[in-house]
Amino acid sequence: MSKYIFITGGVLSSLGKGVTSASIGSILESMGYKITLQKLDPYLNVDAGTMNPYQHGEVYVTEDGAETDLDLGHYERFTESVMKRENNVTAGRVYFNVISEERRGGYLGATVQVIPHITDEIKRLIKKASEGCDISIVEIGGTVGDIEGLPFLEAVRQLSLEVGDDNALFIHLTYVPYIKTAGELKTKPTQHSVKELREIGIQPDIIICRAEMDIPEPIKKKIALFCSVDKEAVISAPDMDYIYKIPIKLKEEGIHNIISAKLSIPCKEADVSKWKKVINILESAKEKTRIGVVGKYVELKDAYKSIEEALIHGGIANNLKVEIKWIDAGNYSIEDLKELNGILIPGGFGERGVTGKIDAITYARENNIPIFGICLGMQLMAIEFARNVLGMKEADSTEFNPETPYPVIDLMEDQRRVESKGGTMRLGSYPCVIKKETKVYEIYKEEMIRERHRHRYEFNNRFRDDFEKAGMVFSGLSPDGKLVEIMELKNHRWYIGCQFHPEFKSKPFKPHSLFVSFIKTSHTEG
Ligand code: GLN
C-alpha cells in the first residue's frame, strides 16, 4: 500500500502549490522512493479540455491523451513519474461517475449523497492513482475555505484515518504577508487558515510558508505554537528567481527529515545536486538569445507554461539564457520582431490573432529568421506558404473560413462526425515516421518518434504536391503516410512546423531536441 502526502493551500491561490508538490516529489525520488502525484481539482468541468487558458492557464496533455491541469506539467518535468488520466481528478469527473452509476441503478435504492457516495468515489480515485507507488503526493486544488473543496478535504480526512497515522501526512501551504508600513511578517492569515482546516478535522503536520522573504526563527516559532506543529515543521519558502531552486530550498529546510519521521520511513539522504547544476548554468550563462512568442494569450504567461519551460530547457542545454518576449499577436508591429533571434508560434484555437501570427511567419520566412510553429503554428505556416509562395491568396483553414477555395488545413473524415467538443480532438501520443536526410532527422536522430497531440484540424493532403514543388519538405508523417506531422522548408536556417506539442515532453534534465536545436540556431549568426 502507498503512503500519502496530502497538500492543501491556504490564504490565497497562485502560491505555487503545484511546483512545491513537484519539488517534494523530486526530493523523495532522490531518496529512492517510487512516487506519483495527483491533482484534485474542485471545479465541475469533467476535464480541463474545455477551459479557457485565460482563466486556467495551459491545458497540459498526457501521453494517454488526457487534457489536464497545468500542474501535471510541473509533476512530469520535476520527477520521473508518468502522468495519466487518473492523475487529475476534477469534481466534475467524480460527480459524472457517481451520477452515471446512479443511472445504471448501481446504488440499489439508496439516497445518493455527497457523503458517502461522492467522498467514496474520491477515495477510490485517489487509491487507484497511487497503486504500485511507495508514496503518493495528492495536491488539493483551490484554497481551504472554498465551498467546492469541502468534499475533497472530507475524503482525504477519512482516507488518512483509514490508512493510519504512519501512512498519511498533511502539508499546508500558506502565505505570510510582509506589511511594509509595520515592517513585519504577519502570521495571522496562516493561523486563520489552519484554524479553518482544523474545523474540517485536518491538523497539518507541516506548514510551508510562502513569503516575499525568508521566514525568521521567531516567526516560525510563533506559527508552530499557534498552529500546533513542531518548529522544524514550519518551512520557509521565500520567492525564488528560478523555480528550480525550490527543491534545493525545501531540502535545506529539512523537509525530507520531517516527512521521513512522520511517515515512519528510513530517513535517507536527499540529493538535490542536479538542481544545483541547472541553477549554476542559468546563473553563470553569459550569453543570451531572445525568442519572441507570438500568441494571443500572452497576458497570462501560464497559458504557455510548457512552452516557456521548454525554451528555458533549450537554453540550459546550450549554456544560454533565453529571454522570452511575449508578443500579442493582435497588437504589435513588425519593428518589434527585429530584435528577435528566433520566433515561436504556439498552438491555439479560433481566429483572433491569426493575421498577426501569419505576418510574423512571413517576416521570419523572408528574412531567414528561425521560426518554430507548434500545432496551430504549423497550420498557419502552411496557410502563409500557400498564400504568399503558391499564390493561393484565399488559402485558409476551414476552422476560420469554411468556404475557402484553398482549404490547406481541414478536418479529416472522423472529425466531421464529432458532435460534442469535450475530449474529442486528436489527443495524446501518436507515432511519427521521420524522413531521412531532413533537418528533423538530424535533430531527432531517430526514424520513429512519438509526440503528444491536441487538435482537430490537419494538413490537407490535396495540397502536398504543390507545397513540395515549391520547396516544402514533409519530414514527419504518421506511419500510414496519411497525416502530415512535421514540415520544414529547404534553404532556410530553421523553419520547422509540427502538428504535435513537443513542449509537453521537455524536462530540465531531458530538454526536447527540437527546442535545443531551435535555440542553438537562433543564437548562431545567420
Ligand atoms: N485549432 C487548431 C486545431 O484544432 C490547432 C489546435 C492547437 O494548436 N492545439 O486543429
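Remember, it's 1-based here, ligands and their atoms both numbered in the order they're listed.
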*Centroid-to-centroid, His512 to Phe518, below 6.0 Å?*
no

*asked:* Going by the rule salt bridge (Lys or Arg N to Asp or Glu O under 4.0 Å), which residues pair with Glu403 if we only count those two or more places apart in sequence or in a different chain?
replied: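 Counting only residues at least two positions away or on another chain, Glu403 forms no salt bridge (Lys or Arg N to Asp or Glu O under 4.0 Å).
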
*If you measure from the Lys or Arg side-chain nitrogens to the Asp or Glu carboxylate oxygens, is any gap between Glu323 and Arg290 under 4.0 Å?*
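Between Arg290 and Glu323 there is a salt bridge, with a charged N closer than 4.0 Å to a carboxylate O.
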
Pairs of donor and acceptor atoms involving the side chains of residues 411-418, under 3.5 Å and at least two apart or interchain, shall be tabulated with distances.
{"from": "Gln415", "atom 1": "OE1", "to": "Arg456", "atom 2": "NH1", "distance (Å)": "3.1"}
{"from": "Gln415", "atom 1": "NE2", "to": "Thr424", "atom 2": "O", "distance (Å)": "2.9"}
{"from": "Arg416", "atom 1": "NH2", "to": "Asp410", "atom 2": "OD2", "distance (Å)": "3.3"}
{"from": "Arg416", "atom 1": "NH2", "to": "Leu411", "atom 2": "O", "distance (Å)": "3.0"}

Contact table ligand 1 N or O to protein N or O, d under 3.5 Å:
{"from": "ligand 1", "atom 1": "1 (N)", "to": "Gly348", "atom 2": "O", "distance (Å)": "3.0"}
{"from": "ligand 1", "atom 1": "1 (N)", "to": "Glu399", "atom 2": "OE1", "distance (Å)": "2.8"}
{"from": "ligand 1", "atom 1": "1 (N)", "to": "Glu399", "atom 2": "OE2", "distance (Å)": "3.2"}
{"from": "ligand 1", "atom 1": "4 (O)", "to": "Arg456", "atom 2": "N", "distance (Å)": "3.0"}
{"from": "ligand 1", "atom 1": "8 (O)", "to": "Gly348", "atom 2": "N", "distance (Å)": "2.9"}
{"from": "ligand 1", "atom 1": "8 (O)", "to": "Gly348", "atom 2": "O", "distance (Å)": "3.4"}
{"from": "ligand 1", "atom 1": "8 (O)", "to": "Leu376", "atom 2": "N", "distance (Å)": "2.9"}
{"from": "ligand 1", "atom 1": "9 (N)", "to": "Arg454", "atom 2": "O", "distance (Å)": "2.8"}
{"from": "ligand 1", "atom 1": "9 (N)", "to": "His501", "atom 2": "NE2", "distance (Å)": "3.3"}
{"from": "ligand 1", "atom 1": "10 (O)", "to": "Gln379", "atom 2": "NE2", "distance (Å)": "3.1"}
{"from": "ligand 1", "atom 1": "10 (O)", "to": "Arg456", "atom 2": "N", "distance (Å)": "3.1"}
{"from": "ligand 1", "atom 1": "10 (O)", "to": "Tyr457", "atom 2": "N", "distance (Å)": "2.8"}

*What residues form a ring pair (Phe, Tyr, Trp, His ring centres under 6.0 Å) with His501, not counting sequence neighbours?*
Phe504

*asked:* Any donor-acceptor pair under 3.5 Å linking the side-chain atoms of Ser429 with those of Glu63?
replied: yes

